[in-house]
Amino acid sequence: MIEKSRLLIATTNPGKQREYRALLRDVPAEIVFPDELGIMLEVEEDGATFRENAVKKARALMRASGLISLADDSGLEVDALGGEPGVRSARYAGPGADDPKRRAFLLGKLLGVPAPRRARFVCVIAIAAPDGAVEYAEGECRGEITFGERGTNGFGYDPIFQLEGRAVTMAEIPPGEKNELSHRARAARAAVPILRDLYSGRGKT
Ligand code: ITT
(Lines give C-alpha, C1' and ligand atoms only; values in the text may rest on other atoms or scores of the structure.)
Protein backbone atom coordinates (compact mmCIF):
# COMPACT_ATOMS: atom_id res chain seq x y z
CA MET A 1 0.00 0.00 0.00
CA ILE A 2 1.34 3.40 -0.96
CA GLU A 3 1.92 5.78 1.90
CA LYS A 4 0.43 9.11 0.96
CA SER A 5 1.03 11.26 3.98
CA ARG A 6 4.75 11.94 3.57
CA LEU A 7 6.84 13.38 0.75
CA LEU A 8 10.55 12.55 0.68
CA ILE A 9 12.72 15.34 -0.68
CA ALA A 10 15.69 13.40 -2.03
CA THR A 11 18.50 15.85 -1.32
CA THR A 12 21.28 16.08 1.23
CA ASN A 13 22.18 19.66 0.28
CA PRO A 14 21.15 21.85 3.28
CA GLY A 15 20.57 24.87 1.01
CA LYS A 16 18.15 22.92 -1.14
CA GLN A 17 16.46 21.39 1.93
CA ARG A 18 15.82 24.86 3.37
CA GLU A 19 14.36 26.11 0.11
CA TYR A 20 12.09 23.11 -0.49
CA ARG A 21 10.64 23.35 3.01
CA ALA A 22 9.42 26.85 2.09
CA LEU A 23 8.59 26.19 -1.56
CA LEU A 24 6.43 23.11 -0.88
CA ARG A 25 4.70 24.34 2.28
CA ASP A 26 1.28 24.18 0.58
CA VAL A 27 1.59 20.54 -0.46
CA PRO A 28 -0.74 18.42 1.70
CA ALA A 29 2.01 16.06 2.89
CA GLU A 30 4.62 15.98 5.64
CA ILE A 31 8.01 16.83 4.14
CA VAL A 32 10.86 14.54 5.17
CA PHE A 33 14.54 14.29 4.18
CA PRO A 34 16.73 11.18 3.76
CA ASP A 35 18.79 11.88 6.91
CA GLU A 36 15.61 12.04 9.01
CA LEU A 37 14.70 8.54 7.82
CA GLY A 38 18.22 7.21 8.37
CA ILE A 39 18.70 6.71 4.64
CA MET A 40 22.30 7.32 3.54
CA LEU A 41 22.10 6.52 -0.15
CA GLU A 42 24.92 7.64 -2.44
CA VAL A 43 23.51 7.99 -5.94
CA GLU A 44 26.11 8.47 -8.65
CA GLU A 45 25.08 11.43 -10.77
CA ASP A 46 26.54 10.16 -14.01
CA GLY A 47 23.74 11.17 -16.36
CA ALA A 48 24.33 13.43 -19.35
CA THR A 49 21.34 15.63 -18.52
CA PHE A 50 19.74 17.21 -15.46
CA ARG A 51 16.65 15.11 -16.17
CA GLU A 52 18.53 11.79 -16.13
CA ASN A 53 20.21 12.60 -12.81
CA ALA A 54 17.00 13.89 -11.23
CA VAL A 55 15.04 10.76 -12.10
CA LYS A 56 17.88 8.50 -10.96
CA LYS A 57 17.95 10.21 -7.53
CA ALA A 58 14.16 10.29 -7.18
CA ARG A 59 13.77 6.59 -8.12
CA ALA A 60 16.60 5.42 -5.84
CA LEU A 61 15.18 7.24 -2.83
CA MET A 62 11.63 6.17 -3.64
CA ARG A 63 12.77 2.51 -3.68
CA ALA A 64 14.71 2.92 -0.42
CA SER A 65 11.80 4.59 1.39
CA GLY A 66 8.59 3.44 -0.30
CA LEU A 67 7.53 7.09 -0.31
CA ILE A 68 6.69 9.45 -3.15
CA SER A 69 10.08 11.08 -3.68
CA LEU A 70 11.07 14.37 -5.23
CA ALA A 71 14.64 15.01 -6.40
CA ASP A 72 16.14 17.88 -8.28
CA ASP A 73 19.23 18.06 -10.35
CA SER A 74 20.26 21.63 -10.79
CA GLY A 75 23.22 23.69 -11.81
CA LEU A 76 24.73 26.65 -13.53
CA GLU A 77 25.30 26.95 -17.28
CA VAL A 78 27.75 29.62 -18.41
CA ASP A 79 27.60 30.65 -22.09
CA ALA A 80 31.32 31.50 -22.35
CA LEU A 81 32.17 28.01 -21.05
CA GLY A 82 29.94 26.20 -23.53
CA GLY A 83 27.35 25.47 -20.83
CA GLU A 84 29.78 24.34 -18.11
CA PRO A 85 29.67 23.46 -15.28
CA GLY A 86 26.11 22.23 -16.07
CA VAL A 87 25.41 18.76 -14.69
CA ARG A 88 28.88 18.88 -13.09
CA SER A 89 28.07 21.96 -10.98
CA ALA A 90 28.34 20.12 -7.64
CA ARG A 91 31.61 18.41 -8.62
CA TYR A 92 33.28 21.33 -10.40
CA ALA A 93 36.79 21.94 -9.00
CA GLY A 94 37.10 18.26 -8.10
CA PRO A 95 36.00 15.98 -5.27
CA GLY A 96 36.35 17.46 -1.80
CA ALA A 97 35.99 21.05 -3.00
CA ASP A 98 33.47 23.19 -1.12
CA ASP A 99 31.23 26.01 -2.36
CA PRO A 100 33.88 28.77 -1.98
CA LYS A 101 36.44 26.66 -3.89
CA ARG A 102 33.96 25.98 -6.69
CA ARG A 103 33.12 29.68 -6.99
CA ALA A 104 36.83 30.61 -7.11
CA PHE A 105 37.45 27.89 -9.71
CA LEU A 106 34.65 29.20 -11.92
CA LEU A 107 35.84 32.82 -11.64
CA GLY A 108 39.32 31.59 -12.56
CA LYS A 109 37.98 29.88 -15.69
CA LEU A 110 36.41 33.18 -16.72
CA LEU A 111 39.54 35.32 -16.25
CA GLY A 112 39.83 37.63 -19.24
CA VAL A 113 36.22 37.08 -20.33
CA PRO A 114 34.53 40.50 -20.50
CA ALA A 115 31.06 41.32 -19.18
CA PRO A 116 28.35 40.34 -19.71
CA ARG A 117 29.27 36.74 -18.84
CA ARG A 118 25.81 35.37 -19.46
CA ALA A 119 24.65 32.34 -17.49
CA ARG A 120 21.55 30.60 -16.28
CA PHE A 121 20.59 28.45 -13.34
CA VAL A 122 18.58 25.35 -14.29
CA CYS A 123 16.50 23.10 -12.06
CA VAL A 124 14.83 19.87 -13.16
CA ILE A 125 12.58 18.19 -10.61
CA ALA A 126 11.62 14.53 -10.91
CA ILE A 127 8.81 13.10 -8.78
CA ALA A 128 8.85 9.31 -8.50
CA ALA A 129 5.81 7.46 -7.18
CA PRO A 130 5.92 3.90 -5.83
CA ASP A 131 3.86 2.60 -8.79
CA GLY A 132 6.74 3.56 -11.11
CA ALA A 133 5.21 6.76 -12.50
CA VAL A 134 7.56 9.71 -12.87
CA GLU A 135 6.64 13.33 -13.48
CA TYR A 136 8.89 16.29 -14.21
CA ALA A 137 8.92 20.03 -13.60
CA GLU A 138 11.55 22.50 -14.78
CA GLY A 139 12.64 26.05 -14.14
CA GLU A 140 15.41 28.43 -15.16
CA CYS A 141 16.72 31.78 -13.99
CA ARG A 142 18.88 34.03 -16.18
CA GLY A 143 21.72 36.28 -15.18
CA GLU A 144 25.44 36.79 -15.48
CA ILE A 145 28.61 35.87 -13.59
CA THR A 146 30.14 38.69 -11.54
CA PHE A 147 33.86 39.45 -11.13
CA GLY A 148 33.81 38.83 -7.38
CA GLU A 149 31.56 37.57 -4.60
CA ARG A 150 28.68 39.67 -3.30
CA GLY A 151 26.20 38.70 -0.60
CA THR A 152 25.97 36.00 2.03
CA ASN A 153 22.49 34.53 1.53
CA GLY A 154 21.73 31.36 -0.40
CA PHE A 155 24.37 28.75 -1.18
CA GLY A 156 26.52 27.39 -4.01
CA TYR A 157 27.14 29.85 -6.83
CA ASP A 158 24.63 32.44 -5.56
CA PRO A 159 27.26 35.08 -4.55
CA ILE A 160 28.67 35.24 -8.11
CA PHE A 161 25.36 35.12 -10.00
CA GLN A 162 23.85 38.53 -10.78
CA LEU A 163 20.19 38.51 -11.72
CA GLU A 164 19.25 39.56 -15.26
CA GLY A 165 18.35 43.26 -15.43
CA ARG A 166 19.21 43.80 -11.75
CA ALA A 167 22.28 45.03 -9.87
CA VAL A 168 22.12 42.34 -7.18
CA THR A 169 23.39 38.79 -6.89
CA MET A 170 21.25 35.84 -5.84
CA ALA A 171 23.07 35.99 -2.47
CA GLU A 172 22.15 39.65 -1.90
CA ILE A 173 18.38 39.18 -2.07
CA PRO A 174 16.40 37.87 0.92
CA PRO A 175 15.59 34.12 0.94
CA GLY A 176 11.91 34.92 0.42
CA GLU A 177 12.71 36.73 -2.82
CA LYS A 178 14.97 33.93 -4.05
CA ASN A 179 12.02 31.62 -3.45
CA GLU A 180 9.93 33.78 -5.81
CA LEU A 181 12.25 34.02 -8.77
CA SER A 182 14.89 31.26 -8.70
CA HIS A 183 15.14 28.31 -11.06
CA ARG A 184 14.12 26.08 -8.13
CA ALA A 185 11.16 28.33 -7.26
CA ARG A 186 9.91 28.15 -10.85
CA ALA A 187 10.31 24.37 -11.03
CA ALA A 188 8.63 23.98 -7.63
CA ARG A 189 5.67 26.12 -8.73
CA ALA A 190 5.18 23.72 -11.64
CA ALA A 191 5.59 20.72 -9.30
CA VAL A 192 3.01 21.80 -6.72
CA PRO A 193 -0.10 20.97 -8.81
CA ILE A 194 1.41 17.56 -9.70
CA LEU A 195 1.99 16.85 -5.99
CA ARG A 196 -1.47 18.08 -5.04
CA ASP A 197 -2.96 15.62 -7.54
CA LEU A 198 -0.82 12.77 -6.23
CA TYR A 199 -1.75 13.42 -2.60
CA SER A 200 -5.41 14.00 -3.30
CA GLY A 201 -5.61 10.67 -5.11
CA ARG A 202 -6.30 12.17 -8.54
CA GLY A 203 -2.79 11.37 -9.75
CA LYS A 204 -1.58 8.20 -11.38
CA THR A 205 -0.70 6.34 -8.15
P1 ITT B 1 21.80 16.54 -3.90
O2 ITT B 1 22.29 15.74 -5.08
O3 ITT B 1 21.87 15.77 -2.61
O4 ITT B 1 20.45 17.16 -4.14
P5 ITT B 1 23.83 18.43 -4.70
O6 ITT B 1 24.38 19.69 -4.11
O7 ITT B 1 24.83 17.37 -5.13
O8 ITT B 1 22.79 17.80 -3.66
P9 ITT B 1 23.11 18.74 -7.44
O10 ITT B 1 23.79 17.49 -7.85
O11 ITT B 1 21.79 19.07 -8.06
O12 ITT B 1 22.89 18.80 -5.87
O13 ITT B 1 24.15 19.91 -7.69
C14 ITT B 1 23.70 21.17 -7.84
C15 ITT B 1 24.87 22.12 -7.65
O16 ITT B 1 24.61 23.26 -8.46
C17 ITT B 1 24.92 22.61 -6.21
O18 ITT B 1 25.79 21.86 -5.40
C19 ITT B 1 25.38 24.05 -6.40
O20 ITT B 1 26.77 24.09 -6.54
C21 ITT B 1 24.74 24.43 -7.73
N22 ITT B 1 23.41 25.02 -7.50
C23 ITT B 1 22.19 24.43 -7.70
N24 ITT B 1 21.20 25.24 -7.32
C25 ITT B 1 21.78 26.35 -6.85
C26 ITT B 1 21.29 27.54 -6.29
O27 ITT B 1 19.99 27.73 -6.09
N28 ITT B 1 22.16 28.46 -5.92
C29 ITT B 1 23.49 28.28 -6.08
N30 ITT B 1 24.05 27.18 -6.58
C31 ITT B 1 23.20 26.22 -6.97
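Numbering of ligands and ligand atoms starts at 1, following listing order. All residue numbers refer to positions in the sequence shown, counting from 1.
Cation-pi contact between Arg184 and Phe121: absent, since separation from the ring centre below 6.0 Å together with deviation from the ring axis within 45° is not met. With a 6.0 Å cutoff to the six-membered ring centre and a 45° limit on the axis angle, Arg21 does not count as a cation-pi contact of Phe33.
The part of Lys178 lying near ligand 1 is the side chain, judged by heavy-atom distances below 4.0 Å. Counting heavy atoms closer than 4.0 Å to ligand 1, residue Phe161 contributes nothing at all.
The backbone N or O of Ala93 sits nowhere less than 3.5 Å from a side-chain atom of Arg88 that would complete a donor-acceptor pair. Within the 3.5 Å criterion, the main-chain N or O of Arg150 finds a donor-acceptor partner in the side chain of Thr169. The main-chain N or O of Ile194 is never found under 3.5 Å from a side-chain atom of Asp197 such that the two would form a donor-acceptor pair. For the pair Arg142 (side chain) and Arg120 (backbone), a donor-acceptor distance under 3.5 Å is absent.
Here the side chains of Arg6 and Leu37 are in contact, with some heavy-atom distance below 4.5 Å. Counting only heavy atoms from C-beta outward, the side chains of Arg51 and Glu138 approach each other to under 4.5 Å. Ile145 is not listed as a side-chain neighbour of Val113, based on a closest heavy-atom distance of 4.5 Å or more.
Of the N or O atoms in Glu19, none lie within a sub-3.5 Å distance of an N or O in ligand 1. Close N/O approach between Thr12 and ligand 1 is found [any backbone or side-chain N/O within under 3.5 Å]. Below 3.5 Å of separation, one finds an N or O of Ser74 facing an N or O of ligand 1.
If you check which protein heavy atom lies closest to atom 24 (N) of ligand 1, you get Arg184 NH2, 2.9 Å. If you check which protein heavy atom lies closest to atom 16 (O) of ligand 1, you get Ser89 CB, 3.3 Å. Annotation: atom 18 (O) of ligand 1 to nearest protein heavy atom, Ala90 CB, 3.6 Å. Among all non-hydrogen protein atoms, the one lying nearest atom 1 (P) of ligand 1 is Thr11 OG1, 3.4 Å. Ranking protein heavy atoms by distance to atom 30 (N) of ligand 1, first place goes to Tyr157 N, 3.1 Å. Distance from atom 2 (O) of ligand 1 to its nearest protein heavy atom, with residue and atom name: Lys57 NZ, 2.7 Å. In terms of protein heavy-atom proximity, atom 11 (O) of ligand 1 is closest to Lys16 NZ, 2.8 Å. Among protein heavy atoms, atom 28 (N) of ligand 1 sits closest to Asp158 OD1, 2.6 Å.
Interface of Gly156 with ligand 1, defined as ligand atoms under 4.0 Å from a residue heavy atom, comprises 29 (C), 30 (N). Applying the 4.0 Å criterion to heavy atoms of Asp73 picks out, from ligand 1, the atoms 9 (P), 10 (O), 11 (O). Residue-ligand proximity, Gly75 to ligand 1, at heavy-atom distances under 4.0 Å covers atoms 16 (O). Shown in contact with Asp72 at under 4.0 Å from a heavy atom are these atoms of ligand 1, numbered in order with element: 11 (O). Applying the 4.0 Å criterion to heavy atoms of Asn13 picks out, from ligand 1, the atoms 3 (O), 6 (O), 8 (O), 18 (O).
Checked against Tyr20 for a side chain to side chain donor-acceptor pair (under 3.5 Å), the options Asn179, Thr11, Asp72 give a single hit: Asp72.
No chain of hydrophobic side-chain contacts below 4.5 Å, direct or via other Ile, Leu, Val, Met, Phe, Trp or Tyr residues, connects Ile160 to Phe147.
Relative to atom 10 (O) of ligand 1, the option among Arg102, Glu45, Gln17 with the closest non-hydrogen atom is Glu45.
Residue contact annotation: Met170 has no non-hydrogen atom under 4.0 Å from ligand 1.
Counted within 6.0 Å of CZ on Arg118, heavy atoms from surrounding residues, nucleotides or ligands total 12 or fewer; the atom is thus considered open.
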